[in-house]
Amino acid sequence: MSSKIQVAIIGLGFGAEFIPIYQNHPHADMYAICQRTTDKLNQIGDHFGIPVRYSSFDDMLKDDNIDAVHINSPIPNHAEQSIAALLAGKHVACTVPMATTVEDCRRIVEAGQLSGKNYMMMETCVYTREFLYVKALRDSGQLGRIQFLRGAHQQEMSGWPGYWEGLPPMHYATHAVSPLLALAGKEAEFVTCMGSGQIADKLAAKYGSPFAVESAIFRLRDSNLAMEVTRSLFETSREYVESFDVYADQMSFEWQQLEGEEPVIFTGENAKRVEIPDYAHLLPEGIRKYTLEGVYDSADNVHLSFKQGNGHGGSHPHLAHEFIMSIVEKRESFPNVYTSANWTCAGICAHESAMNNGEQVKLPVFR
């Protein structure tokens with residue numbers, strides 16, 4: 001066995017973004033890849049020089065050389081694959097969301113408890129340079145007392161793979177939910193959410209969700225704070241945005257309205273735009289360049305999520321680094337399995353509320 005963490009990646013669309021990051025991390029070995037389509041499997045394997053390849057996820061889990069599995073498969077597969085990998089004795093990193101039902105979130109938590117292995121939902125928005133900037137303001141005391149938080153994720157997903165069509169907006173809410181809860185240092189306790197507008201019948205029929213937009217108000221557990229989250233996925237005109245705003249007594253932060261602008265800091269009623277620094281210096285030298293560039297070799301070979309999401313704020317190497325170091329240092333990752341479940345269930349419960357005309361829904365407690 002290598003002294004490095006032996007990593008396997010399943011799903012080689014967005015997942016391929018992480019291959020060179022693990023290859024260049026001082027404590028990781030990019031050991032194996034898994035993809036059902038053998039042509040894609042061999043194309044990626046040859047391109048990145050990875051000899052160990054699997055077309056079956058179940059077969060891959062039988063490989064005792066694998067320490068950790070990074071799951072980048074379609075959303076409907078996240079829960080079962082995460083549970084199977086944990087119970088096979090592998091640490092698990094999984095792209096968002098954790099699952100699409102409260103019960104599946106609970107099953108993943110239980111599998112993590114039973115296995116004793118780390119589970120980390122790879123939420124990009126708590127490792128973007130914008131988030132790290134505001135976190136530093138909070139930690140230094142410059143923000144002061146947080147009073148309210150607001151998040152939005154608006155996106156047009158026409159043309160994405162079929163399982164995305166008609167997806168309830170709040171079932172993919174973690175990008176808007178997570179930075180707010182992470183900055184508040186709290187979990188969501190209950191939610192009331194309203195659906196608004198209407199998508200085409202052919203889209204609505206997929207999941208039984210008619211709304212173009214879902215907008216929610218959350219109360220945070222053990223706190224006097226509330227937060228607002230808005231999501232849209234189809235037939236709502238808006239430039240792509242994954243934004244968060246934080247209002248505090250000493251200083252507030254508002255996301256820019258248009259991509260290419262700079263965000264705004266308010267001190268009292270005085271406003272100024274600020275240039276957000278990069279945080280590559282927090283990473284091992286070999287993976288620092290990936291905060292500013294994707295891993296592919298041409299502008300024509302960029303995954304849609306990376307292009308549409310503006311590179312996810314340089315978060316990918318930070319995510320991989322946190323996952324690997326949590327294993328090396330024998331500690332929980334951030335987010336851990338409990339936090340991941342709360343962030344995911346915030347959206348699941350919000351959609352339940354929207355489908356019941358804004359009825360208040362209490363989130364489960366997993367700890």
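All values below were derived from every heavy atom in this structure, side-chain atoms included, with hydrogens, water molecules and symmetry-related copies excluded.
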- Item | Atom CD of Gln147 with >12 non-hydrogen neighbours under 6.0 angstrom | yes
- Query: Does CZ in Arg145 sit with more than 12 non-hydrogen atoms of other residues, nucleotides or ligands closer than 6.0 Å?
  - Reply: no
- Message: Does any part of the side chain of Tyr22, heavy atoms only, come nearer than 4.5 Å to the side chain of Phe323, both counted from C-beta?
- Response: yes
- Message: Using side-chain heavy atoms (C-beta onward) and a distance below 4.5 Å, is Trp343 in contact with Val126?
- Response: yes
- Item | Within one Ile-Leu-Val-Met-Phe-Trp-Tyr cluster: Phe148 and Leu181, side-chain cutoff 4.5 Å | no
- Query: Mind checking whether Met325 and His25 have side chains closer than 4.5 Å, heavy atoms only?
  - Reply: yes
- Give the C-alpha distance, both sets of side-chain angles, the deciding distance and a yes or no for side chain to side chain contact (heavy atoms under 4.5 Å, CB included) between Ser232 and Arg238. CA-CA 9 Å; Ser232 65; Arg238 177 64 168 88; 5.6 Å; no
- Answer yes or no: is there a side-chain heavy-atom contact under 4.5 Å between Trp164 and Ile75? yes
- Verify whether one side chain among Gln142 and Ser140 offers a donor that lies under 3.5 Å from an acceptor in the other. yes
- Task: Walk me through it: do Met98 and Thr174 pass the test side chain to side chain contact (heavy atoms under 4.5 Å, CB included)?
- Result: CA-CA 9 Å; Met98 185 185 212; Thr174 63; over 6 Å; no
- Greater than 12 external heavy atoms within 6.0 Å of Asp139's CG: yes
- For the atom pair CG (Leu12) and CD (Gln43), what is the distance rounded to the nearest 0.5 Å? 9.5 Å
- Taking all non-hydrogen atoms of both residues, which atom of Cys94 and which atom of His78 are closest, and how far apart? SG-CG, 3.6 Å
- Query: Met355, Phe234: one ILVMFWY side-chain cluster at the under-4.5 Å cut-off?
  - Reply: no
- Hey, quick one: are Phe211 and Tyr207 part of the same hydrophobic cluster, counting side-chain heavy atoms closer than 4.5 Å, chains of contacts allowed? no
- Val365 vs Arg221 side-chain heavy atoms within contact, under 4.5 Å: yes
- Message: Distance check, rounded to the nearest 0.5 Å: Leu203 atom CG versus Gln198 atom CD?
- Response: 11.0 Å
- Query: So Tyr133 and Phe253, would you call those rings parallel, tilted or perpendicular, with 30° and 60° as cut-offs?
  - Reply: tilted
- Task: Taking the side chain as every heavy atom from C-beta outward, state whether His175 and Glu123 have any atom pair closer than 4.5 Å.
- Result: yes
- Give the C-alpha distance, both sets of side-chain angles, the deciding distance and a yes or no for ring pair (Phe, Tyr, Trp, His ring centres under 6.0 Å) between Tyr247 and Phe266. CA-CA 9 Å; Tyr247 300 95; Phe266 295 89; 7.6 Å; no
- Item | side chain to side chain contact (heavy atoms under 4.5 Å, CB included) between Glu187 and Leu363, worked out | CA-CA 9 Å; Glu187 292 187 344; Leu363 274 71; over 6 Å; no
- Message: With a 3.5 Å distance limit and no angle check, can you tell me whether Asp67 reaches the backbone of Gln6 through a side-chain donor-acceptor pair?
- Response: yes
- Note on the structure: Heavy atoms of Glu235 and Glu156 approach each other most closely as N-OE1, 3.0 Å
- Answer with yes or no whether the side chains of Tyr338 and Gln113 bring together a donor and an acceptor at under 3.5 Å. yes
- Answer yes or no: are there more than 12 heavy-atom neighbours, outside Asp201 itself, under 6.0 Å from its atom CG? no
- For Arg138 and Leu183, indicate whether the former's side chain and the latter's backbone hold a donor-acceptor pair under 3.5 Å. yes
- Can you name the closest pair of heavy atoms from Thr236 and Gln154 and give their distance? CG2-NE2, 4.0 Å
- Give a yes or no on whether Glu329 atom CD has more than 12 heavy-atom contacts from other residues, nucleotides or ligands under 6.0 Å away. yes
- Message: Side chains of Tyr290 and His316, heavy atoms from C-beta outward: is any pair under 4.5 Å?
- Response: no
- Message: Quick check: closest heavy atoms across Gly286 and Asn24, and the distance to 0.1 Å?
- Response: O-CB, 3.5 Å
- Note on the structure: All heavy atoms of Ile327 vs all of Asn118, minimum pair found to be N-ND2, 4.1 Å
- Query: Can you tell me how far SG of Cys34 sits from CG of Asp63, rounded to the nearest 0.5 angstrom?
  - Reply: 11.0 Å
- Do Met251 and Leu180 share a hydrophobic cluster, counting only Ile, Leu, Val, Met, Phe, Trp and Tyr and linking them when any side-chain heavy atoms are less than 4.5 Å apart? yes
- Candidate pair Tyr240 and His153, rule ring pair (Phe, Tyr, Trp, His ring centres under 6.0 Å), full reasoning: CA-CA 8 Å; Tyr240 184 103; His153 179 186; 5.6 Å; yes
- Item | Derivation of the salt bridge (charged side-chain N to carboxylate O under 4.0 Å, His left out) call for Lys272 and Glu262 | CA-CA 9 Å; Lys272 67 174 182 178; Glu262 293 173 328; over 6 Å; no
- Under 3.5 Å side-chain donor-acceptor pair for Ser333 and Glu322: no
- Message: Grouping I, L, V, M, F, W and Y whenever their side-chain heavy atoms are under 4.5 Å apart, do Ile21 and Phe48 come out in a common cluster?
- Response: yes
- Can you find a heavy atom in the side chain of Ser326 that is under 4.5 Å from one in the side chain of Met120? no
- Just by modelled atom types, is the Asp222 backbone N or O under 3.5 Å from a matching donor or acceptor in the Lys186 side chain? yes
- Query: Sub-3.5 Å donor-acceptor pair from the side chain of Gln35 to the main-chain atoms of Lys40, do we have one?
  - Reply: no
- Task: Return yes when atom CZ of Arg36 has more than 12 non-hydrogen atoms of other residues, nucleotides or ligands closer than 6.0 Å, and no otherwise.
- Result: no
- Query: Just how far is it from atom CG of Asp39 to atom OG of Ser55, taken to the nearest 0.5 Å?
  - Reply: 11.5 Å
- Please say which of Val191, Val229, Leu233, Ile348 ends up in a side chain to side chain contact (heavy atoms under 4.5 Å, CB included) with Met170. Val229
- Item | Presence of salt bridge, Arg150 and Glu228, under 4.0 angstrom | yes
- Any chance the side chains of Asn342 and Thr339 put a donor and an acceptor closer than 3.5 Å? no
- Nearest heavy-atom neighbours spanning Met60 and Ala8: SD-CB, 3.8 Å
- Query: Can you list the steps and then say if Ile33 with Met30 is a side chain to side chain contact (heavy atoms under 4.5 Å, CB included)?
  - Reply: CA-CA 8 Å; Ile33 53 176; Met30 187 59 254; 4.2 Å; yes
- For His70 and Phe18, run ring pair (Phe, Tyr, Trp, His ring centres under 6.0 Å): C-alpha distance rounded to whole Å, both residues' side-chain angles, the deciding distance at 0.1 Å, then the answer. CA-CA 9 Å; His70 186 162; Phe18 290 87; 4.6 Å; yes
- Item | SB check Asp46 Arg53 (cutoff 4.0 Å) | yes
- Mark yes or no for whether Thr101, through its side chain, and Asp104, through its backbone, hold a donor-acceptor pair below 3.5 Å. yes
- Drop me the distance from Glu214's CD to His351's NE2, to the nearest 0.5 angstrom. 5.5 Å
- Message: Taking Glu275 first and then Arg129, would you say they form a salt bridge - that is, a charged N and a carboxylate O separated by under 4.0 Å?
- Response: no
- Task: Mark yes or no for whether Glu239, through its side chain, and Glu259, through its backbone, hold a donor-acceptor pair below 3.5 Å.
- Result: yes
- State the OG-CZ distance between Ser353 and Phe190, to the nearest 0.5 angstrom. 11.5 Å
